[in-house]
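To start, I am sharing the structure in question, which I have written as structure tokens.
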Protein chains: 2
Amino acid sequence: MEYNEKHIKIIEAAEKLFSDNGFNGTSVRDIAEAADVNLAMISYYFGSKDNLLVAIFKYRGENTRQLVSEMIENKELSPLEKFYTLIDFYIDKFQNQQCFHRVMAREQIIHTHGPVATAILSVKKTNMELIKQLVQEGQRKKQFKKEIDISLMMNTLFGTVNHLYTTKHYYKELNNLQSLSDEQFEKQLRKKLSVYLKTLFKAILTYED
Amino acid sequence: MEYNEKHIKIIEAAEKLFSDNGFNGTSVRDIAEAADVNLAMISYYFGSKDNLLVAIFKYRGENTRQLVSEMIENKELSPLEKFYTLIDFYIDKFQNQQCFHRVMAREQIIHTHGPVATAILSVKKTNMELIKQLVQEGQRKKQFKKEIDISLMMNTLFGTVNHLYTTKHYYKELNNLQSLSDEQFEKQLRKKLSVYLKTLFKAILTYED
DNA sequence: TTGATTTAAACAAACGTTTAATTAACAGGA
DNA sequence: TCCTGTTAATTAAACGTTTGTTTAAATCAA
């Protein structure tokens with residue numbers, strides 16, 4: 001699917017509104033106004049509001065694979081270093097596309113079947129494969145431990161990052177960080193999370209119990 | 001707030017529908033039909049649909065504190081054993097109240113302010129305090145390591161359990177477990193998650209890097 | 001008889017989508 | 001360069017539903 005400027009304007013406006021108010025909490029009229037296009041253009045371009053949601057997932061789901069797989073095939077880094085890079089990659093992804101990930105976090109709960117679920121599943125499958133490769137490389141080189149449940153481990157990675165970024169307003173409150181500016185807070189959060197996750201995953205990957 | 005049978009019938013019907021279709025994806029008429037009450041009774045009892053959502057959070061947020069704090073004050077168990085009990089407690093909670101936790105997972109993303117956010121924050125504060133006590137006890141007894149970011153650690157606990165249970169249909173697919181019956185799957189998931197999290201948190205709490 | 005509960009009906013507002021008319025873009029032929 | 005035929009893009013208006021909430025009458029319990 002090719003998207004022109006107007007498609008993208010609509011997609012990004014919808015993404016922001018879905019993120020703030022949810023899919024059903026956003027009207028097509030809201031989107032049209034935010035994207036500064038006529039109401040009917042949304043049906044004309046995407047067919048329906050549901051299809052627009054699917055378009056958002058397709059639009060955002062394209063680039064990831066190549067980036068991650070290039071990084072994994074990098075010969076310079078040890079498996080653990082690669083994993084550290086992967087962690088920072090996902091943190092950056094959540095940080096830079098917070099609207100999208102909020103939409104995804106909400107919609108993946110409801111859509112167990114249908115086109116949205118299919119789009120999400122395909123991204124998850126890709127992630128799973130790539131991480132599996134990386135873990136197996138680490139195990140071959142005896143740098144990771146033998147018994148690693150990759151699926152649950154991914155759940156911890158995405159679950160932690162996802163939960164933290166989608167509910168960061170609670171994190172801010174619980175840690176009395178309300179005085180920080182948004183930028184300061186985001187910067188600090190990112191740094192802390194990065195250090196924390198690297199320690200955590202070093203333990204998961206190497207700690208024999 | 002006192003809830004009679006009819007209140008609870010409405011609350012539980014709403015919880016199930018919100019879980020399946022989202023808050024804005026569920027009409028008051030749907031709820032009335034599912035709860036087998038007249039449409040107007042919902043306004044009569046709760047005032048509005050928004051208040052009904054708040055009522056769900058209050059209804060479910062009541063019991064937790066006492067259960068957890070009794071468990072933490074139990075003198076028989078070591079801090080690590082207590083933490084293991086806590087993990088199983090939360091797994092059971094998510095497993096037994098999946099509808100509620102799906103609603104919560106979705107709504108906590110959107111509600112950054114207002115009565116829903118307040119209700120959620122109060123539950124989180126309680127959890128945080130109790131876990132903090134437990135971690136500090138473990139540190140005093142030299143069984144846990146010194147530097148532990150409790151807030152991020154909680155994020156991992158809730159993030160992992162939450163993400164896994166709210167997106168278990170993807171987990172099932174990704175691990176080719178479609179042939180399992182729902183009961184078998186749930187049973188297996190619970191067991192695996194319990195073992196996994198105990199290993200994981202033993203590492204987080206004791207592993208010095 | 002009084003006040004709480006329950007009901008069917010009605011309310012205006014908002015919803016996603018479609019329609020039919022209008023404008024813009026652009027091709028090929030003079 | 002201009003005219004013309006055709007398709008694509010854009011618009012305001014309207015469509016029929018559905019929405020959350022309210023009303024006013026009816027039923028119930030005490």
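Protein chains get the first letters and strands the later ones, always in sequence-line order, with residue 1 at the start of each. The analysis underlying the following values was restricted to heavy atoms, covering all of them including side chains, and did not include hydrogens, waters or symmetry mates.
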message: Rounded to whole Å, please give me the gap between CZ in A:Arg29 and P in D:dT11.
response: 15 Å

field: Nearest listed nucleotide, side chain of A:Leu39, among D:dG20, C:dT7, D:dA14
entry: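 For the A:Leu39 side chain, the nearest candidate turns out to be D:dA14.
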
query: Do B:His7 and B:Tyr59 have ring centres separated by under 6.0 Å?
result: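 No, ring centres 6.0 Å or more apart.
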
- prompt: OP1 or OP2 of D:dT10 less than 4.0 angstrom from a side-chain nitrogen or oxygen of A:Tyr45, does that happen here?
  reply: yes

Whole-Å gap separating C1' (C:dT17) and CG (A:Leu52):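 After rounding, the gap between these two atoms is 14 Å.
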
field: cation_pi(B:Lys49, B:Phe23) dist<6.0 Å, angle<=45
entry: yes

Pairwise distance CG(A:Leu86) to CG(A:Asn127) - rounded to 0.5 angstrom: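 The distance works out to 8.0 Å.
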
query: Please give, in whole Å, the distance from C:dT18 P to A:Phe46 CZ?
result: 16 Å

field: Interatomic distance where NZ belongs to A:Lys49 and C1' belongs to C:dC15 [whole Å]
entry: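 After rounding, the gap between these two atoms is 8 Å.
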
- request: Give a yes/no on whether any side-chain N or O of B:Lys6 is located under 4.0 angstrom from OP1 or OP2 of C:dT5.
  value: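 For B:Lys6, the contact criterion (side-chain N or O under 4.0 Å from OP1 or OP2 of C:dT5) is not met.
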
task: Would you kindly give the CG-to-P distance between A:Asn24 and C:dA14, to the nearest whole Å?
output: 17 Å

query: Roughly, in whole Å, what's the span from CD1 in B:Ile42 to P in D:dT23?
result: 18 Å

- prompt: A:Asn38 side chain N/O closer than 4.0 Å to the phosphate oxygens (OP1, OP2) of D:dA9?
  reply: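 For D:dA9, neither OP1 nor OP2 has a side-chain N or O of A:Asn38 closer than 4.0 Å.
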
- line: One should read off an interatomic distance between A:Phe100 CZ and A:Glu12 CD, to the nearest 0.5 angstrom, of 12.0 Å

field: Closest to the A:Met41 side chain, choosing from D:dT11, D:dG20, C:dG16
entry: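 The listed nucleotide nearest to A:Met41's side chain is D:dT11.
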
- prompt: Please give, in whole Å, the distance from C:dA8 P to B:Tyr44 OH?
  reply: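 Checked: the OH to P distance equals 16 Å.
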
field: Side-chain N,O (B:Ser27) to OP1/OP2 (D:dT18) below 4.0 Å
entry: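 Checking D:dT18 against B:Ser27, no side-chain N or O comes under 4.0 Å of OP1 or OP2.
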
task: Starting at atom CG of B:Asn4, determine the distance to atom P of C:dA4, rounded to an integer number of angstrom.
output: 15 Å

cation_pi(A:Lys168, A:Phe185) dist<6.0 Å, angle<=45: no

